[in-house]
Structure formats: C-alpha cells, structure tokens
Amino acid sequence: MQAFSTRSFTASDGVEMAVLVDDQGSPLFLPNVYATFHYRDVGSSSATIKKALRALGMAYLWASARKLDLHAAISSEAFLSIEQCEDLAFFLRLDRASQDRELAVSLEELPSRVVRLEQVRGGFHQKAAERKACSAEEGAYRIRIVAAFLEFQLAKVEQDLPRPAPGTAKDKAAHPSMRRLKALTPKVSNADESDALEGMDEVTMAFADEIFDPASETNPFSTDFIKHRNHLVYRMLSDNGMRRSELRFLQVDDVDYSKNRVRIRVSKTQARTVPISSATALAFHHFVLEHWSKIPAKQRAHGYLFITAEGRHICADTINLIFRTARKKAHELPKDFAPHALRRTWNDRLSTKVDKAPPDKRIPKNEEEQMRNRLMGWRKDSQMSSRYSRRTIRIKSDQIAEELANEIAAGKKKDEE
C-alpha cells in the first residue's frame with residue numbers, strides 16, 4: 001500500500017528540518033520545495049512544517065487511491081478538474097483510518113481517472129456508515145494547506161502560458177478548480193467564550209513557583225541536574241512568553257547574562273531578543289556553571305542550552321512531560337497548565353501592568369499592540385494580541401457589567417422611594 005510520512009533531520013545551520021517522503025524513503029520534490037519556501041525560509045518551526053507536510057501527504061494519498069500521477073497533473077496545463085478537486089476535498093475531510101481503507105479498496109477497483117462528477121460523488125467504495133470524518137477544524141486546515149500548495153504550483157505553470165485576453169471566458173473563469181476546492185472548506189464555528197483557554201491566575205502561578213523551585217520539598221523532579229534545568233525552563237517561559245519550540249532551540253550563547261537578555265533565533269514567526277529577569281539570569285548562570293559545563297565537551301558541542309544529563313538535545317515532548325509531572329505532583333495546578341499557558345499568562349500580566357499605569361503615563365493602545373507584537377514575535381499588523389488577552393478582557397467586561405448592574409439596581413430603588 002502506498003504511504004507517505006514525514007522525516008526529521010538537523011540541517012547544516014543547526015535547525016531541525018522536516019521532509020515528506022514516500023514508502024521507499026524518497027523525498028517528494030514539489031511538496032518539499034513548497035515547504036522550504038513558505039515555511040522554513042520564514043522561520044516556521046519543525047512542528048508547523050510537519051503538520052503542513054502531513055496534509056500534503058494526504059493529497060498524494062488521494063492521488064494514489066485514484067491512480068493519478070499528481071506530480072504530472074499539477075505540472076501540466078490541464079492541472080486538476082473541478083470534479084477531481086471536489087473528490088480531493090471529500091477525501092481530505094475523512095479521518096486517517098477511512099482514508100487508508102479507501103486507498104486499500106481503490107487501488108484495485110477504481111478507474112485510473114475521475115472524469116464525471118457522478119463518478120466522484122459515487123466513487124467512494126466504503127459505505128457512508130463506514131466513512132468517518134475528521135473534525136471541522138482539522139478538515140478546514142487540510143484543505144487550506146493543500147489549496148495553497150496547489151495555487152503555488154498553478155502559478156508556476158501559468159507563468160509559461162500565454163496570458164488570456166482581458167474579458168475572455170478563460171480570463172473570467174480563472175482557477176475554477178481552486179475556487180471549488182476552497183468552497184468545500186468546512187465552516188468552523190467560533191467556540192463559546194467559556195471554552196476558550198486563558199492564562200493562569202496569580203494564585204496558580206504562585207503554586208507553580210513553589211513546585212519548580214529546586215530547593216522546594218514539593219519539587220517532583222529526581223536529580224539536581226533535572227531540578228535546575230526544569231526550573232530554568234519554567235522561568236524562561238514565564239519571563240517573556242516564548243513558545244516551546246523557541247525555548248527548545250536556545251543555545252547557551254543566546255543568553256546575555258550581563259544584560260538579562262535572550263536571543264530567540266529559531267521561531268515560527270520572527271526572531272527577536274527579549275528580556276529575562278535577574279532571577280532567571282542567575283538561574284541560567286548556576287545551571288550552566290554547575291551542571292551544563294560539567295557534561296563532556298563532545299556531548300554538548302551542539303551548544304543547546306536545554307539538554308539531558310547525557311548531553312542530548314531535549315525534544316518537545318520532554319518539555320510537555322515536565323509540565324505533566326508538575327501537574328501530577330501539585331493538584332492545585334489545572335489540567336491546562338502547560339508551556340503555552342505561560343504565553344497566555346505573560347500577555348495577561350502585560351495587560352495588567354499597562355492598566356495599572358497612571359492615565360498620564362499609560363501607553364497608547366496602538367503602541368501597546370506594537371510592543372506586544374514585537375515581544376511575542378508577531379507581525380506588526382498582527383491581530384493576535386486580542387486572542388491572548390482574553391482573560392484580561394473578560395475580567396474587565398465582567399467588572400464593568402457588574403458596576404452597571406449595581407447602578408441600575410440603585411436607580412430602581414431610588415425610583416421606588
């Protein structure tokens with residue numbers, strides 16, 4: 001059975017890279033070129049690249065199920081038909097088990113090409129009850145990624161074609177297949193506000209401070225090395241809200257101990273230099289001097305700050321395990337206490353600090369957004385700040401609503417008197 005998977009390796013620049021390969025281990029040219037241009041070259045994390053490549057791998061899986069040479073099809077003027085794009089969208093919305101079952105049957109029974117819409121709509125060999133769809137969010141993500149990849153390839157093909165005259169039928173019907181594919185993107189409803197994740201409150205963070213303190217009796221970690229490493233992980237994430245993937249790729253030379261600064265070189269968005277507290281700088285100095293530097297030089301030659309006791313670069317799951325262990329030890333820590341929760345918490349703390357400033361010294365709203373975008377690694381025009389200030393916005397709105405309710409009640413009481 002045809003299969004596609006992602007493989008990771010460390011590139012010559014020291015950054016982890018992912019590629020899409022077939023069942024023979026050979027890289028697929030077009031998807032990997034696309035991932036390099038649109039993800040790696042703009043600083044996207046390895047996890048982001050892998051997720052996108054898995055979606056593209058499903059498009060190649062669909063082509064295998066339909067006995068279609070996808071590389072040849074999307075490299076030619078004929079490209080993909082509307083019917084094929086509709087079939088592709090339906091396939092991308094299936095869960096992986098249903099996709100694999102469809103492939104197993106289709107490789108033997110389906111015709112080599114889909115030529116009629118009726119064929120497409122009735123082309124699935126599994127009964128409707130046997131086919132299971134993935135979530136709307138996942139299906140929408142897969143279709144968006146595949147559509148962007150196909151449009152990228154279509155633009156390259158059309159560069160070599162004569163440009164249609166303005167107003168012609170061909171000009172008006174530009175990319176009909178792409179329009180149809182994107183039209184089948186599942187609609188994702190906005191989650192209820194009560195379901196949205198927020199940052200941690202200060203009581204929770206006080207518990208976390210105690211748990212991660214290497215000298216604390218409640219610290220759940222086993223060795224002195226792990227206690228001080230995990231404490232530094234926690235403090236780095238708390239101080240500036242960096243992402244887990246950014247933290248993982250920090251090198252010892254990225255931390256300026258004298259200036260309390262850390263340089264984030266590897267980011268899914270933008271590289272930047274951000275502050276750390278003097279307490280975190282001291283924790284860094286202690287960990288490097290007493291633990292990191294005592295590992296044999298050959299084993300830490302890669303230069304990464306966060307490593308195992310044997311000198312191996314830690315993986316993303318190890319960072320997740322640190323937080324799972326803390327939650328298991330301290331029942332006061334909620335189930336959503338995780339690396340990314342500290343990013344949301346940092347944004348809440350920034351909002352609180354800005355709001356506490358006297359009116360004459362308060363930062364203008366546009367400057368606050370620019371400052372937040374820079375420190376978080378977002379683009380200057382990013383709207384992400386509103387998503388990461390959800391808890392602060394909720395608290396403010398609740399306070400105002402409560403004050404208004406009390407004023408209304410007081411006014412009614414006065415009228416009754």
For this session: Tell me, with the steps shown, if Lys329 and Thr218 meet side chain to side chain donor-acceptor pair (under 3.5 Å).
Result: CA-CA 8 Å; Lys329 175 67 177 181; Thr218 57; over 6 Å; no
With a 4.0 Å cut-off, would you call [X] and [Y] a salt bridge?
| X | Y | value |
| --- | --- | --- |
| Lys156 | Glu151 | no |
| Glu202 | Arg349 | yes |
| Glu332 | Arg327 | no |

For [X] and [Y], take the angle between the two ring planes, folded into 0 to 90°, and tell me which bin it lands in: parallel under 30, tilted 30 to 60, perpendicular over 60.
| X | Y | answer |
| --- | --- | --- |
| Tyr34 | Tyr39 | perpendicular |
| Phe287 | Phe225 | tilted |
| Phe337 | Tyr234 | tilted |

Under the 3.5 angstrom rule, does the side chain of [X] hit a backbone N or O of [Y] as a donor-acceptor pair?
| X | Y | answer |
| --- | --- | --- |
| Asp87 | Glu83 | no |
| Gln270 | Trp378 | yes |
| Gln99 | Phe91 | yes |
| Asn240 | Val274 | no |
| Arg93 | Ala133 | no |
| Arg263 | Asp254 | no |
| Arg142 | Leu94 | yes |

Atom pair [atom1]/[atom2] of [X] and [Y] - distance to nearest 0.5 Å:
| X | Y | atom1 | atom2 | result |
| --- | --- | --- | --- | --- |
| Gln84 | Trp62 | CD | CH2 | 5.0 Å |
| Leu61 | Asp100 | CG | CG | 6.0 Å |
| Ile276 | Met242 | CD1 | CE | 8.0 Å |
| Ile211 | Thr204 | CD1 | OG1 | 12.0 Å |
| Ile49 | Thr6 | CD1 | OG1 | 10.5 Å |
| Leu30 | Leu70 | CG | CG | 8.0 Å |

Quick one, [X] and [Y] - any side-chain contact, counting heavy atoms below 4.5 Å?
| X | Y | value |
| --- | --- | --- |
| Lys50 | Met17 | no |
| Pro31 | Val19 | no |
| Pro214 | Asn230 | no |
| Phe221 | Ile322 | yes |
| Leu150 | Phe79 | yes |
| Leu68 | Leu80 | yes |

Who pairs with [X] by side-chain hydrogen bond (donor to acceptor under 3.5 Å, both in side chains), at least two apart in sequence or on another chain?
| X | value |
| --- | --- |
| Arg54 | none |
| Arg374 | none |
| Ser258 | Asp256 |

Problem set entry | Residue pairs fulfilling side-chain hydrogen bond (donor to acceptor under 3.5 Å, both in side chains) with at least one residue in residues 308-322, sequence neighbours excluded |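 Of all non-adjacent pairs touching residues 308-322, those that pass side-chain hydrogen bond (donor to acceptor under 3.5 Å, both in side chains) are Arg244-Asn320, Thr308-Glu310.
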Closest non-hydrogen atom pair, [X] against [Y]:
| X | Y | value |
| --- | --- | --- |
| Val146 | Leu56 | CA-CD2, 4.0 Å |
| Val157 | Ile74 | CG2-O, 3.4 Å |
| Ile319 | Ile314 | CG1-CD1, 3.7 Å |
| Ala59 | Leu92 | N-CD2, 4.2 Å |
| Ser293 | Leu289 | OG-O, 2.9 Å |
| Ala281 | Asn260 | CB-OD1, 3.3 Å |

For this session: Can you sort out the partners of Ser245 under side chain to side chain contact (heavy atoms under 4.5 Å, CB included), two or more places apart, ordered by chain and number?
Result: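 Side chain to side chain contact (heavy atoms under 4.5 Å, CB included) list for Ser245, sorted by chain: Ser45, Arg243.
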For this session: Using the test side chain to side chain contact (heavy atoms under 4.5 Å, CB included), find all partners of Ser135 that sit at least two apart in sequence or belong to another chain.
Result: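 So Ser135 forms a side chain to side chain contact (heavy atoms under 4.5 Å, CB included) with Glu137, Glu138.
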Exercise. Salt bridge (Lys or Arg N to Asp or Glu O under 4.0 Å): which pairs involve residues 212-226, sequence neighbours left out?
Worked result: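 Counting only pairs at least two positions apart or across chains, no salt bridge (Lys or Arg N to Asp or Glu O under 4.0 Å) contact touches residues 212-226.
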Problem set entry | Evaluation steps, side chain to side chain contact (heavy atoms under 4.5 Å, CB included), between Leu333 and Phe323 | CA-CA 10 Å; Leu333 297 178; Phe323 283 77; over 6 Å; no
For this session: Determine the sole option in Leu250, Leu247, Leu342, Leu305 for which the side-chain contact (heavy atoms from CB on, under 4.5 Å) test with Val233 is passed.
Result: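 Output: one option passes, namely Leu247.
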Could you verify whether a donor N or O on one side chain and an acceptor N or O on the other, from [X] and [Y], lie under 3.5 Å apart?
| X | Y | answer |
| --- | --- | --- |
| Asp22 | Tyr60 | no |
| Asp95 | Ser98 | yes |
| Arg372 | Asn347 | yes |
| Asp239 | Ser277 | yes |
| Asp348 | Thr345 | no |

Exercise. For the residue pair Phe249 and Phe306, is the inter-centroid distance of their aromatic rings smaller than 6.0 Å?
Worked result: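 Not close enough - the centres of the two rings lie 6.0 Å or further apart.
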Exercise. With a 6.0 Å cut-off on ring centres, are Phe212 and His231 close enough?
Worked result: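 When the ring centroids of Phe212 and His231 are compared, they turn out to be at least 6.0 Å apart.
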What pairs with [X] under salt bridge (charged side-chain N to carboxylate O under 4.0 Å, His left out), at least two apart in sequence or on another chain?
| X | value |
| --- | --- |
| Glu290 | Lys294 |
| Arg229 | none |
| Arg300 | none |
| Arg324 | none |

Exercise. Should we count CZ of Arg379 as having more than 12 external heavy atoms under 6.0 Å?
Worked result: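 Atom CZ in Arg379 is not crowded, with 12 or fewer foreign heavy atoms closer than 6.0 Å.
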Exercise. Does any pair with a residue in residues 342-363 pass ring pair (Phe, Tyr, Trp, His ring centres under 6.0 Å), and if so which ones, sequence neighbours excluded?
Worked result: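 Found none.
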